[in-house]
**Q** 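Shown below is the structure under consideration.
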Amino acid sequence: MSDILVSSADGITTLAFNRPDKKNAITAAMYAALADALEAADKDAAIRAVLITGTPGCFTAGNDLQDFLANPPRGNDSPVARFLRAISTARKPLVAAVTGVAVGVGTTMLLHCDLVYAAKSARLSLPFVNLALVPEAASSLLLPRTIGNRRAAELLLMGEPIEAEKAAAWGLINAAVDDDALAETALKAARKLAAKAPQALALSKQLMKASPEEIAAQMQAEMVHFSAQLQSAEAREAMTAFFEKRPPKFG
Ligand code: COA
């Protein structure tokens, strides 16, 4: 079965991470599948909303670290760059349902979604610096703007997970809901959006967002540092330490 499940019904395209044995860590092939599905949904007039979800108990552990080390993303046509472009410029409303862990891009992608619901047991984290990397997905711009500099520093510099209820109190997500109510809550929101006037919805979304040029420029700047850091000795040590299940040693 595919690592990204794509299905459409009643005007809603659902994208589901489906690689539970690796905590839904996202490979280049998965980024490409996500980009394809988002681009297709955006072009299809019958699709009025997109729902992004994971497997029970796991949204995604973020970038697949092994894949990233083996095939570092290069340039604007890399699958991860295509995905980030597609999610950050999507005209259709995006709803996310987060269970379990949302690590790295699992959390930064939420900054590009319009409505985000998380199970109360979910944990969100941005451990880029812990991996000797830098923020991506324009999170270095959008996170301080969304939750303020102090809180963004806790997430981006300290890299420690926060609980869904704190994320909701900070305004990073719309609501933390009981675990067994999450799927229904998110689907209900997607259905409500799908029933609204599509043009008014797309225009309103566009008006509410930061300028696409600003986001693209920030992503570009982040990618320069991200790619360089990925090749660095400190990142190699951090990622090797993860797979060897030991704390990293930075010189
Ligand atoms: N990339 C590649 N493989 C990953 C991964 C990732 N981001 N996250 C988890 N995995 C793999 C683990 O290596 C393990 O594989 P194995 O069974 O072959 O040993 C499997 O998924 C299960 O992960 P495990 O760490 O045992 O699960 P856990 O429930 O104890 O912890 C996490 C879950 C998500 C907290 C932990 O896996 C983690 O911290 N992952 C890294 C997250 C990360 O740094 N992402 C990148 C951000 S840029």
Side-chain angles (χ1 to χ4, degrees), residues 1 3-4 16-34 52-74 78-81 83-84 87-88 96 98-112 118-119 121-140 142-143 152 154-164 166-167 172 179 218-219 221-232 234-250:
M1 199 181 278
D3 292 340
I4 299 291
F17 299 108
N18 184 43
R19 197 183 172 217
D21 55 320
K22 295 291 177 188
K23 298 283 167 188
N24 295 335
I26 310 173
T27 59
M30 290 163 74
Y31 278 121
L34 288 166
I52 304 177
T53 184
T55 41
C58 185
F59 190 60
T60 167
N63 292 310
D64 183 303
L65 297 174
Q66 225 146 21
D67 195 50
F68 242 45
L69 280 177
N71 310 295
R74 289 183 212 286
S78 66
V80 62
F83 164 70
L84 293 177
I87 197 165
S88 63
V98 180
T99 48
V101 288
V103 187
V105 72
T107 290
T108 59
M109 74 172 72
L110 305 177
L111 295 164
H112 300 282
S121 63
R123 300 280 179 281
L124 290 78
S125 62
L126 295 165
F128 298 112
V129 169
N130 297 353
L131 291 164
L133 297 173
V134 300
E136 36 79 311
S139 57
S140 55
L142 298 176
L143 195 66
E154 267 190 54
L155 280 171
L156 286 175
L157 304 185
M158 298 292 277
E160 283 165 12
I162 59 165
E163 295 174 0
K166 193 172 194 179
L172 177 55
D179 289 28
Q218 192 77 8
M219 280 185 191
E222 290 171 343
M223 193 47 90
V224 169
H225 293 297
F226 196 102
S227 301
Q229 278 301 113
L230 206 49
Q231 315 288 332
S232 70
E234 57 185 25
R236 214 155 269 277
E237 163 58 12
M239 292 181 209
T240 306
F242 169 73
F243 288 113
E244 290 178 356
K245 301 187 192 297
R246 62 168 173 82
K249 283 192 213 127
F250 299 117

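Counting starts at 1 for both ligands and their atoms, following the listed order. Positions are given from 1 along the sequence.
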**Q** Within ligand 1, which atoms have a heavy atom of Asn63 less than 4.0 Å away?
**A** 1 (N), 6 (C), 7 (N), 46 (C), 48 (S)
**Q** Enumerate the atoms of ligand 1 whose separation from the nearest heavy atom of Val103 is less than 4.0 angstrom.
**A**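 Per the distance check, 42 (C), 43 (C), 45 (N).
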**Q** To check your reading of the model: name the closest protein heavy atom to atom 26 (O) of ligand 1, its residue, and the distance in Å.
**A** Lys245 NZ, 4.3 Å
**Q** Taking the side chain as C-beta and beyond, is there a heavy-atom pair between Leu126 and Leu143 under 4.5 Å?
**A** yes
**Q** What protein heavy atom lies closest to atom 5 (C) of ligand 1? Include the residue and the distance to one decimal.
**A**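 Atom 5 (C) of ligand 1 sits closest to the protein heavy atom Ala25 CB, 3.8 Å.
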**Q** Kindly indicate whether atom 32 (C) of ligand 1 is approached by any protein heavy atom to under 4.0 angstrom.
**A** no
**Q** List every atom of ligand 1 that sits less than 4.0 Å from any heavy atom of Phe128, numbering the atoms from 1 in the order shown and giving each element.
**A** 48 (S)
**Q** Please determine whether a side-chain nitrogen of the Lys or Arg among Asp3 and Lys22 lies less than 4.0 Å from a carboxylate oxygen of the Asp or Glu.
**A** no
**Q** Does atom 14 (C) of ligand 1 have a protein non-hydrogen atom under 4.0 Å from it?
**A**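 No; the ligand atom in question lacks any protein heavy-atom contact below 4.0 Å.
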**Q** Does some side-chain heavy atom of Arg74 sit less than 4.5 Å from a side-chain heavy atom of Ser227?
**A**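 Answer no - side chains too far apart.
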**Q** Do you see a protein non-hydrogen atom under 4.0 Å from atom 40 (N) of ligand 1?
**A**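 Flag for atom 40 (N) of ligand 1 set to true, protein heavy atom closer than 4.0 Å.
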**Q** Nearest protein heavy atom to atom 35 (C) of ligand 1, by residue and atom, and its distance?
**A**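 Sorting protein heavy atoms by distance from atom 35 (C) of ligand 1 puts Val101 CG1, 4.4 Å first.
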**Q** To the nearest 0.5 Å, what is the distance between CG (Leu172) and CD1 (Ile162)?
**A** 5.5 Å
**Q** Treating Thr107 as the side-chain partner and Ala102 as the backbone partner, does any N or O pair qualify as donor plus acceptor under 3.5 Å?
**A**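 Checked: pair present.
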**Q** When rounded to the nearest 0.5 angstrom, what is the spacing between CD1 in Ile26 and CG in Asp67?
**A** 11.0 Å
**Q** Counting only heavy atoms, tell me which of Phe68, Phe59, Phe243, Phe242 gets closest to atom 37 (O) of ligand 1.
**A**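 Comparing heavy atoms across Phe68, Phe59, Phe243, Phe242, the nearest one to atom 37 (O) of ligand 1 lies in Phe242.
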**Q** Using heavy-atom distances only, which candidate in Pro135, Pro161, Ala61 approaches atom 45 (N) of ligand 1 most closely?
**A**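 Nearest option to atom 45 (N) of ligand 1, by heavy atoms: Ala61.
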**Q** Among the heavy atoms of Asp21, does any lie under 4.0 Å from an atom of ligand 1?
**A** yes
**Q** Out of Glu136, Lys23, Lys22, Met239, who gets a non-hydrogen atom closest to atom 11 (C) of ligand 1?
**A** Lys22
**Q** Report the relative orientation of the aromatic rings in Phe68 and Tyr31; use parallel for angles under 30°, tilted for 30 to 60°, perpendicular for over 60°.
**A** tilted
**Q** Which residue and atom name correspond to the protein heavy atom nearest atom 1 (N) of ligand 1, and how close is it?
**A**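 Result for atom 1 (N) of ligand 1: Leu65 N, 2.9 Å.
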**Q** Distance from Gln66 atom CD to Asn71 atom CG, nearest 0.5 Å?
**A** 11.0 Å
**Q** Just verifying a value: how many Å separate Glu237 CD and Leu131 CG, rounded to the nearest 0.5 Å?
**A** 11.5 Å
**Q** Is Leu230 close to Met239 at the side-chain level, that is, under 4.5 Å between some pair of heavy atoms?
**A**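 Yes - at least one pair of side-chain heavy atoms lies under 4.5 Å apart.
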**Q** Using a 4.0 Å cut-off to any heavy atom of Leu131, which atoms of ligand 1 qualify?
**A** 44 (O), 46 (C), 47 (C), 48 (S)
